[in-house]
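Every chain is numbered from 1, with letters handed out A, B, ... down the list of sequences. Computation of the quantities below employed the complete heavy-atom set of this structure, encompassing side-chain atoms and omitting hydrogens, waters and symmetry-equivalent molecules.
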2 protein chains.
Amino acid sequence: MPDPFPVPIGLRLNQAARAVGRAFDEALAEAGGSLPVWLILLNLKICRPGTQRELAEAVGIREATLTHHLNAMDAAGLITRTRDAGNRRIQLVQLTEAGETVFLRLRQAAVAFDEQLRAGVAEAEIATLTTLLTRLTANVAEPPSADSPWAGLTGSH
Amino acid sequence: MPDPFPVPIGLRLNQAARAVGRAFDEALAEAGGSLPVWLILLNLKICRPGTQRELAEAVGIREATLTHHLNAMDAAGLITRTRDAGNRRIQLVQLTEAGETVFLRLRQAAVAFDEQLRAGVAEAEIATLTTLLTRLTANVAEPPSADSPWAGLTGSH
DNA sequence: TATTGTTATACTCTATAACTATA
DNA sequence: TATAGTTATAGAGTATAACAATA
């Protein structure tokens, strides 16, 4: 007699992502960070976004939400915001020394976590997984406007 | 020149899960529900848990968090809580007619969503994905105590 | 008027700690 | 004392709407 309620793949994905995400959160917290902070630092290093709008899009959150996090990061001494002389509407977000330090620490935590995560999983399997995730995402995603390599953090919560 | 920052599989998983989860949230919201409500209804139907503690474990949340949701579901007329005559500490949670209706509607939404999600993905590929997700989860999960088929909703948010 | 960003406010989900009632 | 559940409180992350400043 077949299972009348096979676990839907979406729910299975949700379970896995929550378990993995929770573990990642803990790893980042131990390193003194959080997922949003890590993604913001990462995008600052990689994309060098010109505006906060670009940064928010890259991270996958709203501008107001980004301001929220930047305020905290500013208070923590991780970033500075200075007006662009050429266009005073623009805030130039830059890492402080402390921000660089935290970035390196979080990167180390992220790398270590990823090693643990993929332990015993072959490169080809990771590639397969990536492909499948991309296909599933495409199936339910609205018209993808995200061109940032790191886009995708959108969540509701 | 190789990418100095290949997207870690954990982050890729997180992206996919957020995108898919967000879409699922929207689908459930359109059907008048939410993920926690759906999981609670589902577990009530499937596991027939004897206590709220069991239900909370099955859903993957704390008892107090469950009470929070049950209060809302009670106020919305989806469930009733009645004391067990044999052991008056125990609350028997039961679906009302309205609760049954919402359950059916959410199930329909969930099934439709899953069909959309796996469109064009072969059964074997889904199986592969499930296996890989399980392996990744096992790599970073703390000693799994969850024996419920639906366990895993834990999240931090 | 349009753009950039902030402030104010609030929602959802979650958690811990302290409590009541029952056993 | 232990168990079942609730209440009180709080925190993280997110969002929308209204706003100020600049262009």
Side-chain angles (χ1 to χ4, degrees), chain A residues 14 17-19 21-22 24-26 28-29 32-40 49-76 79-94 152-157, chain B residues 14 17-19 21-22 24-26 28-29 32-40 49-76 79-94 152-157:
Chain A
N14 189 274
R18 278 186 182 254
R22 178 207 192 76
F24 189 42
D25 280 347
E26 277 170 20
L28 288 176
S34 67
L35 184 57
V37 167
W38 164 235
L39 288 177
I40 289 168
T51 65
Q52 285 191 24
R53 176 159 302 169
E54 286 173 24
L55 178 56
E57 254 186 37
V59 174
I61 55 179
R62 301 286 175 175
E63 288 171 70
T65 305
L66 176 62
T67 296
H68 172 75
H69 291 299
L70 289 182
N71 284 344
M73 292 170 72
D74 200 342
I79 57 148
T80 58
R81 280 173 290 186
T82 51
R83 294 283 171 189
D84 183 307
N87 181 347
R88 292 189 47 75
R89 288 177 301 188
I90 294 177
Q91 292 269 41
L92 294 173
V93 181
Q94 283 180 307
L153 173 62
T154 43
S156 41
H157 278 280
Chain B
N14 189 274
R18 277 186 184 256
R22 178 208 192 76
F24 189 42
D25 279 347
E26 276 171 20
L28 289 176
S34 67
L35 184 57
V37 167
W38 165 235
L39 289 177
I40 289 168
T51 65
Q52 285 192 24
R53 177 160 301 170
E54 286 173 23
L55 178 55
E57 253 185 38
V59 174
I61 54 179
R62 301 286 174 174
E63 288 172 70
T65 305
L66 177 61
T67 296
H68 171 77
H69 291 299
L70 290 182
N71 284 345
M73 291 169 73
D74 199 343
I79 58 148
T80 58
R81 281 173 288 186
T82 51
R83 294 283 172 190
D84 183 305
N87 181 346
R88 292 191 45 76
R89 289 176 300 188
I90 294 177
Q91 292 268 40
L92 295 173
V93 181
Q94 283 180 306
L153 174 62
T154 42
S156 41
H157 281 279

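Atoms CD1 and CZ, on A:Ile90 and A:Arg83 in that order, are 10.0 Å from each other to the nearest 0.5 Å.
One atom, CE of A:Met73, and another, C1' of D:dA12, lie 15 Å apart when rounded to the nearest Å. If you take CD1 of A:Ile40 and P of C:dG5, they are 14 Å apart, rounded to a whole angstrom. Here C:dA15 presents its C1' atom at 10 Å from CZ of A:Arg22, a figure rounded to the nearest Å. Rounded to an integer number of Å, the gap from CG of B:Leu35 to C1' of D:dG13 is 16 Å. In this structure, A:Phe24 places its CZ atom 18 Å from P of D:dA12, rounding to the nearest Å. If you measure from atom CG of B:Leu28 to atom P of C:dT12, you get 15 Å, rounded to the nearest angstrom. Rounded to whole angstrom, the span from the NE2 atom of A:His69 across to the P atom of C:dG5 amounts to 16 Å.
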Which protein N or O atoms sit under 3.5 Å from an N or O of nucleotides 3-7 of chain D?
{"residue": "D:dT3", "atom": "O4'", "partner": "B:Arg89", "partner atom": "NH1", "Å": "3.4"}
{"residue": "D:dT3", "atom": "O2", "partner": "B:Arg89", "partner atom": "NH1", "Å": "3.1"}
{"residue": "D:dA4", "atom": "OP2", "partner": "B:Arg53", "partner atom": "NH1", "Å": "2.6"}
{"residue": "D:dA4", "atom": "O3'", "partner": "B:Arg89", "partner atom": "O", "Å": "3.4"}
{"residue": "D:dG5", "atom": "OP1", "partner": "B:Gln52", "partner atom": "N", "Å": "3.1"}
{"residue": "D:dG5", "atom": "OP1", "partner": "B:Gln91", "partner atom": "N", "Å": "3.2"}
{"residue": "D:dG5", "atom": "OP2", "partner": "B:Gln52", "partner atom": "N", "Å": "3.0"}
{"residue": "D:dG5", "atom": "OP2", "partner": "B:Arg53", "partner atom": "N", "Å": "3.1"}
{"residue": "D:dG5", "atom": "O3'", "partner": "B:Gln52", "partner atom": "NE2", "Å": "3.4"}
{"residue": "D:dT6", "atom": "OP1", "partner": "B:Arg81", "partner atom": "NH1", "Å": "2.7"}
{"residue": "D:dT6", "atom": "OP2", "partner": "B:Gln52", "partner atom": "OE1", "Å": "2.7"}
{"residue": "D:dT6", "atom": "OP2", "partner": "B:Thr67", "partner atom": "OG1", "Å": "2.5"}

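Taking the side chain as every heavy atom from C-beta outward, B:Glu57 and B:Thr51 never approach each other to under 4.5 Å.
The shortest heavy-atom contact between A:Ile40 and A:Leu70 is CG2-CD2, 4.2 Å.
The phosphate of C:dT14 (OP1 or OP2) has a side-chain N or O of A:Arg18 nearer than 4.0 angstrom.
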Chi angles and distances behind the side-chain contact (heavy atoms from CB on, under 4.5 Å) call for A:Val59, A:Thr65: CA-CA 10 Å; A:Val59 174; A:Thr65 305; over 6 Å; no

Take A:Met73 and A:Val93, measure what side-chain contact (heavy atoms from CB on, under 4.5 Å) needs, and give me the verdict at the end. CA-CA 11 Å; A:Met73 292 170 72; A:Val93 181; over 6 Å; no

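Among the nucleotides D:dA15, D:dA23, C:dC13, the one closest to any side-chain atom of A:Arg88 is D:dA23.
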